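Computed from a prediction, not measured in an experiment: that's the story for all the values here.
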Amino acid sequence: SFKAYLNCCLLLKNTNEFWGNIEDSNLKVIVSNFKLHLSRIAASFVLNKSTFNTDEIESIDLNDYDQLKFDKSVRLLMDAIFSYQKDNKEANLINMAKTKGLTDEMMIQLNNKFQ
């Protein structure tokens, strides 16, 4: 659906803007490769649920995506990254963004948050 696609793009745009405002340079570097992940997590915070469908993405009110939800998304992402790294010592940040294992860990964190 065009509306769902548009909302995904706008979520990513807002994520990039919030990312640009991160003052902690170390945190900013860590999450720089995970903006798509942050947008995905933010959608869960906006919708208040771990999984959703296209109709729900269409219904997102982008005004509900604020700095607080972005900050919560960053914390959840960091928890997922640290948990994944704990079990996968060889994993590096650049390649980690592309792994199914990190996505699985992120979903575990989201399911725990929104159960």
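- T15 and S39 are linked by a side-chain donor-acceptor pair at a separation below 3.5 angstrom, with hydrogens and angles left out of the test.
- Partners of S25 by side chain to side chain contact (heavy atoms under 4.5 Å, CB included), not counting sequence neighbours: none found.
- Listed by first and then second residue, the salt bridge (Lys or Arg N to Asp or Glu O under 4.0 Å) pairs that reach into residues 4-22 are K13-E17, sequence neighbours excluded.
- Under the side-chain hydrogen bond (donor to acceptor under 3.5 Å, both in side chains) criterion, N111 pairs with S50, not counting sequence neighbours.
- Residue pairs that meet the salt bridge (Lys or Arg N to Asp or Glu O under 4.0 Å) test with at least one member in residues 40-50, sequence neighbours left out, are K49-E56.
- In this structure, the side chain to side chain contact (heavy atoms under 4.5 Å, CB included) partners of S32, at least two apart in sequence or on a different chain, are W19.
- Its side chain within the 4.5 Å cluster rule, L36 clusters with L12 among the Ile, Leu, Val, Met, Phe, Trp and Tyr residues.
- Within a 6.0 Å sphere centred on CD1 of I94, other residues, nucleotides and ligands contribute 12 heavy atoms or fewer.
- Applying the side-chain hydrogen bond (donor to acceptor under 3.5 Å, both in side chains) test to D55 and every residue at least two apart in sequence or in another chain returns nothing.
- Applying the salt bridge (Lys or Arg N to Asp or Glu O under 4.0 Å) definition to pairs two or more places apart or across chains, those involving residues 92-115 are K100-D104.
- Contacts classified as ring-ring contact (aromatic ring centres under 6.0 Å, His included) and involving residues 79-115 (residues at least two apart or in different chains) are given here: F45-F114.
- Nearest heavy atom pair, residue E58 against residue N7, reads O-ND2, 3.1 Å.
- Annotation: side chain to side chain contact (heavy atoms under 4.5 Å, CB included) contacts of L93 (sequence neighbours excluded): I30, F34, I81, Q85, M96.
- Counting only residues at least two apart or in different chains, salt bridge (Lys or Arg N to Asp or Glu O under 4.0 Å) contacts with residues 70-91 are absent.
- For A43, the side chain to side chain contact (heavy atoms under 4.5 Å, CB included) partners two or more places apart in sequence, or in a different chain, are L11, F52, I57, I60.
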